[in-house]
2 protein chains.
Amino acid sequence: MSNTGVNQVVWSAKQQEFVQKWRELGVAWGIPPAMAAIHGLLMTQEHPMVTDEVMSFLSLSRGSAHTQLQALVEWGLVYPIKTLGSRQVRYVAERDSWQMMSCIARQRKKRELDPLLELDAWKRSWASKTDGLEASAVLDKTLDGVLAQASAVDGVLGRLLAEDERWWEQWLLRGLRRN
Amino acid sequence: MSNTGVNQVVWSAKQQEFVQKWRELGVAWGIPPAMAAIHGLLMTQEHPMVTDEVMSFLSLSRGSAHTQLQALVEWGLVYPIKTLGSRQVRYVAERDSWQMMSCIARQRKKRELDPLLELDAWKRSWASKTDGLEASAVLDKTLDGVLAQASAVDGVLGRLLAEDERWWEQWLLRGLRRN
DNA sequence: ACATAATTTCAATTTAAAATGAAAGTATTC
DNA sequence: GAATACTTTCATTTTAAATTGAAATTATGT
């Protein structure tokens with residue numbers, strides 16, 4: 001049977017609004033709308049959901065629902081739950097906010113920071129070729145600064161995102177709540 | 001005359017590669033390719049450039065060159081220089097790497113963090129309507145955590161980006177260079 | 001006031017990313 | 001070992017964002 005209908009799925013106006021907002025937020029963060037929407041939906045749901053439920057709640061195609069659920073699992077924002085005695089997979093969102101934001105930060109680091117850090121190697125590869133007389137002193141100077149900052153941020157992030165090290169959470173939240 | 005040809009424009013292979021890389025980086029950061037490319041180009045140039053030069057160096061249309069130069073000025077990454085006795089405007093990139101990254105961070109905060117912070121007000125507006133019995137306890141709990149973290153990050157960023165307060169730079173760079 | 005040289009605007013086009021949906025692939029049960 | 005129930009893939013279409021280019025606008029010098 002395709003729908004056991006065990007869990008009662010809630011879909012209030014508040015939840016719909018939230019999903020809408022989360023989708024928009026996602027777009028601003030460079031996340032595919034459907035992916036953000038699915039994540040938002042799962043955040044509002046007490047119980048795991050099945051692909052077909054996600055599809056109908058958000059009016060998504062099967063392809064999109066599937067692909068984006070995969071991506072969410074890949075990111076660690078959603079857990080796939082294999083139902084015993086059925087091929088069906090059900091999905092739940094990570095509930096811990098710190099864990100959740102860490103997942104997002106990790107992906108963004110990979111997409112945005114790491115390529116910037118690679119410029120360092122690139123710069124050095126040119127340094128050997130054009131040793132001494134540089135083509136653009138201005139660029140080199142600014143770039144050095146940028147790369148220093150980038151690796152500093154990388155260091156901080158590395159520590160912040162180290163799994164099982166959550167003292168940072170306390171530090172961050174306690175020390176700086178008032179703003 | 002349209003081209004006084006005073007400054008010698010340099011356009012080496014290294015610079016071209018850099019612009020290419022900077023453009024790609026820009027895309028990963030959610031910045032329009034042309035905008036990032038222009039910024040990259042200006043970073044490599046000792047002297048201010050005129051719109052037509054930018055256009056021909058990057059093979060851009062006038063419309064795009066203009067719009068993106070405006071955006072760069074708006075962000076504070078590029079300064080417009082009005083030539084005396086001519087309508088022509090010349091553009092130079094900000095040279096200070098800290099300043100540069102601050103500009104970018106400020107824009108990203110506006111685009112990505114501020115909308116997240118607004119969820120707090122949204123959440124409160126629902127709290128009054130549905131006082132007590134909530135539609136989704138799971139959501140509320142996770143969301144509280146997310147918002148706490150968001151405002152913590154907001155606090156840190158606020159201090160980091162406060163103009164004329166650069167002790168952070170030292171702190172960030174010195175304390176964490178090794179990684 | 002006129003002509004020129006620049007900037008600015010914006011409807012139309014292009015481009016890249018995301019979504020679709022139908023077909024192909026795989027477990028699971030009978 | 002079929003048949004069923006679900007998942008996965010991918011060529012095509014859609015959508016949103018960026019770019020174009022030509023026309024409109026505004027500043028500057030004669």
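Residue numbers start from 1 in every chain, and the chains themselves are labelled A, B, ... in the order their sequence lines are given, proteins ahead of strands.
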Strictly by modelled atom types, are B:Gln149 and A:Ser97 linked by a side-chain donor-acceptor pair under 3.5 Å? yes
Return the value, rounded to whole Å, for the distance between atom CD of A:Gln70 and atom P of D:dC6. 17 Å
Among side-chain atoms of A:Glu74 and A:Gln70, is any donor-acceptor pair under 3.5 angstrom? no
Pairing of B:Arg108 and A:Glu112 as salt bridge, 4.0 angstrom limit: yes
N/O donor-acceptor pair, side chain B:Arg87 with base C:dA6, under 3.5 angstrom: yes
A:Arg90 CZ - D:dC6 C1' separation (whole Å): 14 Å
Apply salt bridge (Lys or Arg N to Asp or Glu O under 4.0 Å) to residues B:Lys14 and A:Asp140 and explain how you reach the verdict. CA-CA 11 Å; B:Lys14 180 182 174 187; A:Asp140 278 13; 3.2 Å; yes
Is the base of D:dT8 touched by the side chain of A:Arg62 through a donor-acceptor pair closer than 3.5 angstrom? no
At 4.0 Å (heavy atoms only), tell me whether B:Thr83 reaches a base, stays on the sugar-phosphate, or touches nothing. nothing
Closest of D:dT7, C:dT7, C:dA19 to the A:Gln68 side chain is C:dA19
B:Trp11 vs B:Phe57 aromatic rings, parallel, tilted or perpendicular, using cut-offs 30° and 60°? perpendicular
Working for salt bridge (Lys or Arg N to Asp or Glu O under 4.0 Å), residues A:Asp154 and A:Arg159: CA-CA 9 Å; A:Asp154 184 51; A:Arg159 284 182 184 63; over 6 Å; no
Near DNA chain D, under 4.0 Å by heavy atom, which residues of residues 25-36 of chain A? none
Would you kindly give the CG-to-P distance between B:Leu58 and D:dT20, to the nearest whole Å? 10 Å
Could you give the CD1-to-C1' distance, from A:Ile38 to C:dA18, as a whole number of Å? 12 Å
Measure the distance from CG on B:Leu60 to P on C:dT13 and round it to the nearest whole Å. 21 Å
A:Ser64, nearest nucleotide to its side chain (from C:dA6, C:dA19, D:dT7): C:dA19
Please evaluate residues A:Val89 and A:Val50 with respect to the criterion side chain to side chain contact (heavy atoms under 4.5 Å, CB included), reporting the C-alpha separation (whole Å), side-chain torsions for both, the decisive distance (0.1 Å), and the verdict. CA-CA 6 Å; A:Val89 177; A:Val50 120; over 6 Å; no
Side chain of B:His66 only, heavy atoms from C-beta on: which candidate in D:dT9, D:dT7, C:dT7 is closest? C:dT7
Could you state the CD-P distance from A:Gln88 to D:dA5, rounded to the nearest angstrom? 11 Å
Rounded to whole Å, how long is the line connecting atom CD of A:Glu24 with atom C1' of D:dA16? 14 Å
CG of B:Leu69 versus P of C:dT8: gap in Å, rounded? 10 Å
